[in-house]
Amino acid sequence: MKEPSDLSILVKNSGEWLKGTGPESDIVISSRIRLARNLAGFPFIKKCSEDDRRKIERQVRTRLEAMSAWKDIQYVHVDTLSEVDRQFLVERQLISREIAEAEGSRAVAIDPGEQYSVMVNEEDHLRIQVMHSGLDLDSAWDQIDRIDDTVEGELLYAFHPKFGYLTACPTNVGTGLRVSVMLHLPGLVITQQIDKVFRSMQRINVTVRGLYGEGSQYTGDFYQVSNQVTLGHTERELLTMVGDEVVPRIIDYERKARDFLMEKGEQDLLDDVSRALGILSTARKISSEETMHYLSKVRLGVNLGLIDDVEVATINKLFIHTQPAHLQKLRGRMLTTSDRHVERANYLHQHLRNGGPADVN
Amino acid sequence: MKCQYCDKPATFHITELTEPDGPQILHLCEHHARTVLQKEEPSPIKTVTGALAKQLQLGQTKEELRKLDKKACPSCGITFFEFRNTGRLGCPMDYTHFESDLTPLLLNIHDSLQHTGKRPSRAAANVDAQAELISLRKEMEAAVQSEQYEKASKIRDRINEIQGDPKHPGFVAPATDDEGDADLSGDAQDAPGEGGGGL
Ligand SMILES: [Zn+2]
Ligand SMILES: [Zn+2]
């Protein structure tokens, strides 16, 4: 196990999935797969005593310690972390909000490249997740399948011949698998096609959720596509449904929207993304919503070749590093909301002026 | 516009596209937007309770529903009522104990009742032993809570007996220290170093 466990190793780095590479990475931010597993012979978490939770944590940890990768893994007892550190791991997408806010013994094992993490005592005893940059579900599945086999080792999973892997919530039973592809869709938002595109997908077994602004409101233009069902299909079928059927269609629509914008109003677009970059690199106080909104525009500008001196990896990193807990970890102290606005502006200024260095830290 | 969960201004507008009545827009403050967005799945509780409500309205009379609500899992003790309200089951045995009650719900959510994916390398041969383990853990906790330490220690021995035998179907690889270290001193609640587990 890697020392120290004060998260300082993570603070300066940024995960594999933020490097902005991989297939379709101009539109697809990341491909994530998670598996839900429970140990046989124990109740599900909500019915566990603290004694049960400790035993589960210990059994899983003993299993992980036997893995050859253990020496590089950072194993964190989530219940001993401060609120800022928990929030930091949530922003980094290494733990879920659920486990951050839960009670009792719980932990997360994180690999050094931040490609995978194993949460212990979340809603299920085990939540394994793998995250890759770009649209890369096949290799993400190969990796998580191997990790699942290794973690299982001598442990006995709760499994039913008919219902598959048994989970606390019946929405996860069967494969216990959730595929989530994170998409950046500013073209569909600007051309106001987004609702239409998603409405046409209502009948398909996928869930699309997004975060967007209204009128002049702030937006990040990010949308997440996931499988809705987990029982009755093989893992490969679920991956195909999301990664080969739904996501490519959305990518296609987004490309068409971007082409349309470039043809009809390249000057307007150039003006818009340049102003966004200008605000981000010169503001003295800025909120995280506003930052998201302008970073989204800059990201579009970079991907369309309208801005050529900023790297996508830098933008991706800034999305994460300007969030509240990250700012506080980077600055090494607690910050009030208005302090954060100032520090965030400083941080952006530092990394975007002169086009910004590729290596942000 | 105000956040629909508190009095702060709504700066985030989230579309939920899977609502049965078509897309729904949520207006939220930064805090509540984070809470909603960072939950991995779109409100599974709502999915479960919504599907259940629909199904119960269709098939059951009030009398039948009252009876179903009282039904409890003999292993973990969860009642169907509790499940219906939280959307979370209490233990793996619930899929067996409530099988017929869960069937319409699973069909509603997944449109299937048969797992076709991956299987673990080893499956438990004897399900009864797992059910017994869950009951014993619950009994031990109750014994500790009511300060019946002798009883608790007997239960602990039984748990170790089931777990300790690799040929026994309830076998779970013993960790570095087995169940023997269960805190029976009477103040399990105040045990120091909650997460450290004294390691
Ligand atoms: Zn609110
Ligand atoms: Zn039960």
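Chain naming here is simple, since letters A, B, ... match the order of the sequence lines and numbering starts at 1 in each.
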Side chain proximity check, B/Ser112 to A/Val229, heavy atoms < 4.5 angstrom:
no
Taken to the nearest 0.5 Å, the spacing of B/Leu89 CG from A/Lys47 NZ works out to 11.0 Å
Do the charged groups of A/Asp52 and B/Lys138 touch, with an N to O distance under 4.0 Å?
no
With a 6.0 Å cut-off (strictly less than), is the heavy-atom count around NZ of B/Lys2, excluding the residue itself, greater than 12?
no
Does any non-hydrogen side-chain atom of B/Ser121 lie less than 4.5 Å from one of A/Asp149?
no
Option that, when pairs with chain A are counted at under 4.5 Å, heavy atom only, ranks first among B/Gly117, B/Cys76, B/Cys73, B/Gly77
B/Gly117
Measuring from atom CD of A/Gln228 to atom CD1 of B/Ile109, what distance do you get when rounded to the nearest 0.5 angstrom?
10.0 Å
For residues B/Pro92 and A/Pro43, report the shortest heavy-atom separation together with the two atoms involved.
CD-CA, 4.5 Å
Would you check, one step at a time, whether the test side chain to side chain contact (heavy atoms under 4.5 Å, CB included) holds for B/His115 with A/Lys162?
CA-CA 6 Å; B/His115 175 63; A/Lys162 197 171 153 191; over 6 Å; no
Between chain B and each of A/Leu238, A/Leu177, A/Val60, A/Thr167, count heavy-atom pairs under 4.5 Å; write down the option with the most.
A/Thr167
Below 4.5 Å from any heavy atom of chain B, which atoms of A/Arg53 appear? Answer side chain, backbone, both or neither.
neither
The interface call for A/Val173 against chain B, heavy-atom contacts under 4.5 Å, is both
Measuring heavy-atom distances to chain A, does B/Glu132 have an atom under 4.5 Å in its side chain, in its backbone, in both, or in neither?
neither
Side-chain (B/His110) to main-chain (A/Gly174) donor-acceptor, under 3.5 angstrom:
no
Quick one: does any side-chain atom of B/Arg137 pair with a main-chain N or O of A/Gly41 as donor and acceptor, under 3.5 Å?
yes
Looking at chain B, which one of A/Ala158, A/Cys48, A/Ser49 has the largest number of heavy-atom pairs inside 4.5 Å, strictly under?
A/Ser49
If I take atom CZ from residue A/Phe159 and atom CZ from residue B/Arg119, how far apart are they, to the nearest 0.5 angstrom?
4.0 Å
Separation between CG (A/Leu231) and OG1 (B/Thr116), nearest 0.5 Å, reads 8.0 Å
Taking the inter-plane angle between the rings of B/Tyr95 and A/Phe163 on a 0 to 90° scale, is it parallel (under 30°), tilted (30 to 60°) or perpendicular (over 60°)?
tilted
Counting only non-hydrogen atoms closer than 4.5 Å, does B/Leu136 touch chain A with its backbone (N, CA, C, O), its side chain (CB onward), both, or neither?
neither
What residues form a side chain to side chain donor-acceptor pair (under 3.5 Å) with B/Ser146, not counting sequence neighbours?
B/Gln148
Can you check whether A/Phe42's main-chain N or O pairs, donor with acceptor, with B/Gln130's side chain at less than 3.5 Å?
no
Reported CD1-to-SG distance for the pair A/Ile45 and B/Cys91, which is rounded to 0.5 angstrom
13.0 Å
Rounded to the nearest 0.5 angstrom, the NE2-OG1 distance for A/His160 and B/Thr96 is 4.0 Å
Look at the side chain of A/Glu152 and the backbone N and O of B/Pro120, then say whether any donor-acceptor pair between them is shorter than 3.5 Å.
no
Can a salt bridge be assigned to the pair B/Lys118 and A/Asp148 using a cut-off of 4.0 Å between side-chain N and carboxylate O?
yes
Using heavy-atom distances under 4.5 Å, tell me whether A/His233 contacts chain B through its side chain, its backbone, both, or neither.
backbone
